[in-house]
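See below for the structure under consideration.
Quick note: residue numbers are just sequence positions, from 1.
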Amino acid sequence: MERTRSSRRSPPPKKRSSKPRATIESLNGDIICIIFSSLGFFDLVRCSAVCNSWNAIINRCKLLQLLYCKLHGFSNTSGSSLRLHLEELAMKHHRFALEESRIDIDQWKAHSCRMKRGLILTGVGDKVMRLWSLEGYKCVEEYSLPNAASLVDFDFDESKIVGLVGTRICIWRRNGLRSVFPSLEGTFMKGLCMRYFDPEAVVGCEDGTARVFDMYSRKCSQIIRMHCAPVTSLSLSEDQLIISGSSLGSIAIAGLSSDQRVATLRSTDCTGIKTLCYNPCSRLVFAGTTAGYASCWDLRTMKSLWETRISPNVVYSLQHLQNDTSTLVVGGIDGALRVLDQNTGEVLSRCVMDIGSASSSSNKVSGVIERNEGRRLSAGCCIDRIPKTIRPPITCLAVGMKKVVTTHNSKYIRLWKFNYSDKYL
């Protein structure tokens, strides 16, 4: 007999409710204000950073100000006092995270980096520069290099990317047409490093000079004799100081308003300066050398504050979080990520990747993202006993709030996330 189809019909689809779903956007501002008023101080700070509308509600109702007064027993407080307290609180959390917290590490293939406002720019050693978002490691923009020239160094801000490409300064506009604008008078013998502070880009050259380029006229406006040896590292300040390190171990300081060197600092170990950074809040200059030393000078007195040998060999990069006067993050040839006290040079923590709990996921542009945990080394731990495969040289690093981005041998990038619970503070 031929089978007959069942006459049983599938149930009709359920009708969607005509009532709108309740979302945070649909709530009245007064209701949100009541919800926020029940939060603790740090949770309220986090909420104020979520979006503009939440920030506006919190500011309009003066919730942070009222809670701050309640916590400290004040009858009233100014907005500036509150901002200072919030900044101190943020720096305290940042330092605690770098010293004590659990470490999660995400790793993917890319090259040398710069990091600002949750974005990472990569490019040295590649044919294109890529701008990545730390949320999901998505590549949000790409910029091709002109004529397959080598990218020596680069920097970026909200509107443009500035690169030292071969023997020219190039600009990529982030908004509108992404064209490359080679500086017509920007050729020089050989540039080794570059720093950008709108509207000038400064190139450290092999002949010991620092060449200043105006980004709008696209002309070399100054040539300053900094050293009698190649300029290997640069740092710029908001008050128009150029700080440069040389391959012979000296640090020279000059002003953008003149073409003269105004001061010279020298590292006591007399080996080459590999990296520099300047903290405008404390007026301290930090340097890393080819012999593994980290050093600090106070520009107000032009005197050395401390010098510590933190590695048996080259220190490639050291950086600190903007407005942080407490911690300094250092990376070098031995592959350990170190956290130092800015004021004493004491090594607060040493970290490496632990490959015991690896997992991975895929991304169309970045490829496989490998996830691992980090581990802290005890004071007596000999780093040479740790396999070099899990601690490749840190060639460049950038510091964000409770996170550090490191590059390794121009092969891949690691994002170190320092996580902790507020209850431990």
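- Across Gly191 and Val203, no two heavy atoms sit closer than the pair CA-CG1, 3.8 Å.
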Under the side chain to side chain donor-acceptor pair (under 3.5 Å) rule, what do Thr395 and Thr407 come out as? Steps first, then yes or no, please.
CA-CA 6 Å; Thr395 51; Thr407 59; 3.1 Å; yes

Would Arg225 and Thr209 satisfy side chain to side chain donor-acceptor pair (under 3.5 Å), going step by step from the backbone distance to the final call?
CA-CA 5 Å; Arg225 171 63 61 180; Thr209 62; 5.9 Å; no

Derivation of the side chain to side chain donor-acceptor pair (under 3.5 Å) call for Asn372 and Gln107
CA-CA 8 Å; Asn372 291 279; Gln107 174 178 290; 5.5 Å; no

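- Scanning both residues, Ile273 and Ser250, for their nearest heavy atoms gives CG1-O, 3.9 Å.
- Counting heavy atoms from C-beta outward, Arg195 and Asp153 have side chains that approach closer than 4.5 Å.
- Rounded to the nearest 0.5 Å, atoms CG (Leu328) and CG (Leu321) are 11.5 Å apart.
- With respect to Asp324 and Arg95, no salt bridge is recorded, no charged nitrogen being found less than 4.0 Å from a carboxylate O.
- The side-chain heavy atoms of His94 and Val399, taken from C-beta on, include a pair separated by under 4.5 Å.
- We find the NE2-CZ distance between His408 and Arg414 to be 4.5 Å, quoted to the nearest 0.5 Å.
- The main-chain N or O of Thr327 is found under 3.5 Å from a side-chain atom of Gln342 such that the two form a donor-acceptor pair.
- Here the side chains of Arg261 and Ile253 are not in contact, with every heavy-atom distance at 4.5 Å or above.
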Between Thr122 and Trp132, does the side chain to side chain contact (heavy atoms under 4.5 Å, CB included) criterion hold? Intermediate values first, please.
CA-CA 8 Å; Thr122 64; Trp132 305 81; 3.0 Å; yes

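- Not one N or O on the side chain of Arg309 forms a donor-acceptor pair closer than 3.5 Å with the backbone of Ala294.
- Considering every non-hydrogen atom in both Ile394 and Gly335, the closest pair reads CD1-O, 3.7 Å.
- Annotation: salt bridge (charged side-chain N to carboxylate O under 4.0 Å, His left out) contacts of Lys417 (sequence neighbours excluded): Asp106.
- In this structure the side chain of Ile242 reaches within 4.5 angstrom of the side chain of Leu256, judged on heavy atoms.
- One distance of note links CG of Leu98 with CG of Leu348; it measures 9.0 Å at 0.5 Å rounding.
- In terms of heavy atoms, Arg375 sits closest to Asp354 at CD-OD2, 3.7 Å.
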Derivation of the side chain to side chain contact (heavy atoms under 4.5 Å, CB included) call for Phe154 and Val162:
CA-CA 6 Å; Phe154 59 91; Val162 181; over 6 Å; no

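- Contact of the Ile171 side chain with the Met215 side chain is registered, since non-hydrogen atoms from C-beta on lie closer than 4.5 Å.
- When side chains are defined from C-beta on, Cys381 counts as touching Arg350, because their heavy atoms get closer than 4.5 Å.
- Separating the NE2 atom in His93 from the CE atom in Met401 is a distance of 9.5 Å, to the nearest 0.5 Å.
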Using the side chain to side chain donor-acceptor pair (under 3.5 Å) rule, take Ser295 and Trp306 through it: C-alpha gap first, then chi angles, then the decisive distance, then the call.
CA-CA 6 Å; Ser295 308; Trp306 52 263; over 6 Å; no

If you apply the rule side chain to side chain contact (heavy atoms under 4.5 Å, CB included), what do you find for Leu164 with Tyr196, and how did you get there?
CA-CA 10 Å; Leu164 174 57; Tyr196 165 69; over 6 Å; no

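- Annotation: the span from Tyr278 atom OH to Glu238 atom CD amounts to 9.0 Å, rounded to 0.5 Å.
- Between the side chain of Thr232 and the main chain of Lys274, no donor-acceptor pair closer than 3.5 Å is present.
- Salt bridge present: Arg211 and Asp207 bring a charged side-chain N and a carboxylate O closer than 4.0 Å.
- For the pair Ile310 and Val330, the tightest heavy-atom approach, listed with the atom from each and the gap, is CD1-CG1, 3.3 Å.
- Ring geometry for His320 against Phe286 counts as perpendicular: the plane angle is over 60°, on a 0 to 90° scale with 30° as the lower cut.
- Inspection of the Asn313 and Asp334 side chains reveals no N or O donor paired with an N or O acceptor under 3.5 Å.
- Checked by atom type, the side-chain pair Ser244/His227 shows a donor-acceptor distance below 3.5 Å.
- A salt bridge between Glu373 and Arg102 is present, with a side-chain N of the basic residue lying under 4.0 Å from a carboxylate O of the acidic one.
- Looking at Arg376, its side chain does come within 3.5 Å of a backbone N or O of Glu99 through a donor-acceptor pair.
- Here the side chain of Thr275 pairs no donor or acceptor atom with the backbone of Gly288 at under 3.5 angstrom.
- Taking every heavy atom of both residues into account, Leu151 and Leu145 meet most closely at CB-CD1, 3.8 Å.
- Here SG of Cys277 is found 9.0 Å from CG of Leu397. Values are rounded to the nearest 0.5 Å.
- Val202 is listed as a side-chain neighbour of Leu236, based on a closest heavy-atom distance under 4.5 Å.
- Inter-residue side-chain proximity for Leu299 and Leu284 is flagged as unmet; no heavy-atom pair is nearer than 4.5 Å.
- Side-chain atoms of Ser311 never come within 3.5 Å of backbone atoms of Val315 as a donor-acceptor pair (strictly under, hydrogens ignored).
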